[in-house]
Amino acid sequence: MTECQLFLSKRLVTEAKIFDGGVLVDDRGVILDILDRDEAEKLITKSKGKLKVTDGGDWALIAGVVDSHVHVNEPGRTAWEGFRTATNAAAAGGITTIVDMPLNSIPPTTTLENLKTKVKSATGHVYVDVGFWGGVIVGNQDSLRDLVKAGVVGFKCFLCPSGVDEFPNVGAEDLELVFNALEGTGSVLAFHAELEDDCCDEKYVENQDPEEYKTYLESRPPRMELNAISLITSFLERTDVRVHVVHVSSATVVPLLEKARASRLARGHQGWRGGVTAETCHHYLTLSAGEVPRGHSEYKCAPPIRDADNKEKLWKYLLDDKLDLVVSDHSPCTPDLKCSNTLEAWGGISSVQFGLSLFWTQANTRGLDLKAITKYLSSGPANLCGLQDRKGALKKGLDADLVYFDPDGTFVVTPEIIRHKNKMTPYIGKELKGVVKKTYVRGQLVFSDGDVVGEPKGKLLINV
Ligand SMILES: NC(=O)NC(NC(N)=O)C(=O)[O-]
Ligand SMILES: [Zn+2]
Ligand SMILES: [Zn+2]
């Protein structure tokens with residue numbers, strides 16, 4: 001019993017309930033049991049001081065957040081973001097696993113060789129556990145099965161230009177090959193779902209003020225998301241490969257996804273949520289187009305943040321179980337690339353550290369309780385990534401990825417508290433609810449009292 005630990009809280013949050021109790025953790029950092037207060041007290045008495053007990057009192061004890069959409073950019077664009085800084089920010093934000101996106105680093109994660117390069121640059125530099133997405137680009141379909149074997153959680157592809165030359169988008173003809181390559185692997189194909197058509201909106205906005213956010217917004221209308229979903233769903237009668245739509249911005253696409261899911265479920269698809277899933281991001285659930293100040297491209301991302309009515313619809317769909325998870329899509333860059341011209345600036349929002357508090361700030365005012373955090377920020381992403389037997393909930397047999405969280409505390413976002421590399425985010429000056437007090441990865445303390453603890457102890461969730 002000497003190596004076991006017991007983490008107590010008056011508000012222990014499992015997938016099913018919130019109660020006064022404890023999480024018993026073994027010497028490997030795996031959850032041995034979830035106990036109520038009486039059982040925990042009896043165990044403490046029985047152990048005669050041999051059990052290491054941590055009591056968080058009134059702080060909630062929640063499962064660590066799994067952020068399945070983070071662009072780390074190292075190697076190759078390490079000035080934009082690196083593993084140390086991104087995972088330091090994650091630990092401070094109550095995230096115990098991030099999953100790295102395959103693009104913006106050079107090389108992109110599109111071959112086994114490239115994955116090995118990425119893994120090498122991450123080794124020894126991560127404060128939380130890190131999984132990896134593979135990338136699908138034109139012509140790399142023969143590399144996909146090797147990447148699956150190496151343990152990538154799935155693949156991301158683009159249906160429109162990605163913003164970086166080395167990650168070209170695919171078209172309908174490529175997708176045929178890609179679905180064939182992934183058939184039967186159990187892997188998931190995630191889409192950046194924006195697709196242009198003949199009606200060229202970019203040309204239309206040419207004469208408008210490029211510093212106005214509205215100009216950028218009009219260059220990427222909801223129609224682009226709808227076009228993409230139509231293309232994706234047109235494949236679903238012919239393939240069993242799981243599909244996932246990343247960063248849904250326009251609520252208009254959700255009914256189409258719902259229909260596609262229903263049809264797959266009717267066919268008996270065995271994947272999580274019928275193998276048709278979708279995420280939205282903290283920025284779409286927190287911000288709206290009307291509040292973006294002129295020339296402030298730190299609000300720029302693709303697809304764009306839309307109006308307040310759209311934001312409310314996204315919340316409704318989320319609460320109706322029509323959207324499955326919420327992520328940061330942390331996609332940072334250097335300050336020079338966030339110029340005041342909204343058409344030319346880099347598209348990507350930096351927020352990995354603040355996702356949990358951004359979500360809680362909104363969720364709490366909408367009458368949700370702490371279980372919503374576990375559902376949408378932990379178990380949802382873990383299920384997407386096939387990590388549900390290791391991550392994503394306070395449950396026997398899973399890794400003891402734990403966060404002591406003060407749901408009633410507040411803080412203001414300032415550049416000084418930002419831990420990601422380039423201190424830009426649209427949330428500067430905003431007051432957020434919910435303060436991360438301590439973060440544990442596999443039972444080990446990695447963040448406490450406002451700072452990371454010791455050397456990076458994160459694991460890479462990969463077999464290379
Ligand atoms: N090249 C990117 O990092 N793009 C990302 N940028 C955003 N979302 O603005 C993304 O996920 O598509
Ligand atoms: Zn994307
Ligand atoms: Zn992204």
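In each ligand, atom 1 is the first atom listed, and ligand 1 is the first ligand listed.
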Query raised in the report: Is the shortest N/O to N/O distance between Gly347 and ligand 1 below 3.5 Å?
Result: yes

Query raised in the report: Would you say Asp329 and ligand 1 have an N/O pair spaced under 3.5 Å apart?
Result: yes

Query raised in the report: When the ring planes of His71 and His69 are compared, do they come out parallel, tilted or perpendicular, using 30° and 60° as the limits?
Result: tilted

Report task. Measure up the Trp133 and His244 rings against each other and bin them: parallel (under 30°), tilted (30 to 60°), perpendicular (over 60°). Result -> parallel

Query raised in the report: Would His330 and Glu81 count as having a side-chain donor-acceptor pair, cut-off 3.5 Å?
Result: yes

Query raised in the report: So, Thr334 versus Asp336: side-chain donor-acceptor pair below 3.5 Å or not?
Result: yes

Report summary line: If you compare Pro108, Gly163, Ser162, Ala190 by their heavy atoms, the one closest to atom 1 (N) of ligand 1 turns out to be Ser162

Answer yes or no for [X]: is there a heavy-atom contact with ligand 1 below 4.0 Å?
X: Val164; value: no
X: Met101; value: no
X: Trp80; value: no
X: Lys300; value: no
X: Phe158; value: yes

Query raised in the report: Under 4.0 Å from any heavy atom of His69, which atoms of ligand 1 are there?
Result: 11 (O)

Report task. Taking only heavy atoms of His247 into account, list the atoms of ligand 1 that are under 4.0 Å away from them. Result -> 8 (N), 10 (C), 11 (O), 12 (O)

Say whether, by atom type as modelled, one donor and one acceptor occur between the side chain of [X] and the main chain of [Y] under 3.5 angstrom.
X: Glu225; Y: Ser249; value: yes
X: Asn73; Y: Trp80; value: no
X: Tyr376; Y: Leu323; value: no

Taking only distance into account, with no hydrogens and no angle test, what donor-acceptor pairs under 3.5 Å do side-chain atoms of residues 87-100 form with protein atoms, sequence neighbours excluded?
{"from": "Thr87", "atom 1": "OG1", "to": "Phe83", "atom 2": "O", "distance (Å)": "2.6"}
{"from": "Thr87", "atom 1": "OG1", "to": "Arg84", "atom 2": "O", "distance (Å)": "3.4"}
{"from": "Thr87", "atom 1": "OG1", "to": "Tyr127", "atom 2": "N", "distance (Å)": "3.0"}
{"from": "Asn88", "atom 1": "OD1", "to": "Arg419", "atom 2": "NH1", "distance (Å)": "2.8"}
{"from": "Asp100", "atom 1": "OD1", "to": "Val72", "atom 2": "N", "distance (Å)": "3.1"}
{"from": "Asp100", "atom 1": "OD2", "to": "Lys118", "atom 2": "NZ", "distance (Å)": "2.8"}

Query - Atoms of the protein (N/O/S only) found under 2.8 Å from the Zn ion (ligand 2) - result: Lys156 NZ, His192 ND1, His247 NE2

Requested in this report: Please note down the angle at the Zn ion (ligand 3) between NE2 of His69 and NE2 of His71, to the nearest 10°.
Outcome: 110°

Query raised in the report: Under 4.0 Å between a Lys/Arg side-chain N and an Asp/Glu carboxylate O for Glu211 and Arg294?
Result: yes

Query raised in the report: Salt-bridged, Asp324 to Arg261, with N to O below 4.0 Å?
Result: yes

Query raised in the report: In the protein, which heavy atom is nearest to atom 2 (C) of ligand 1, and how far is it?
Result: Asn104 ND2, 3.5 Å

Query raised in the report: For ligand 1, does Ile349 get within less than 4.0 Å through its side chain, its backbone, both, or neither, judged by non-hydrogen atoms?
Result: neither

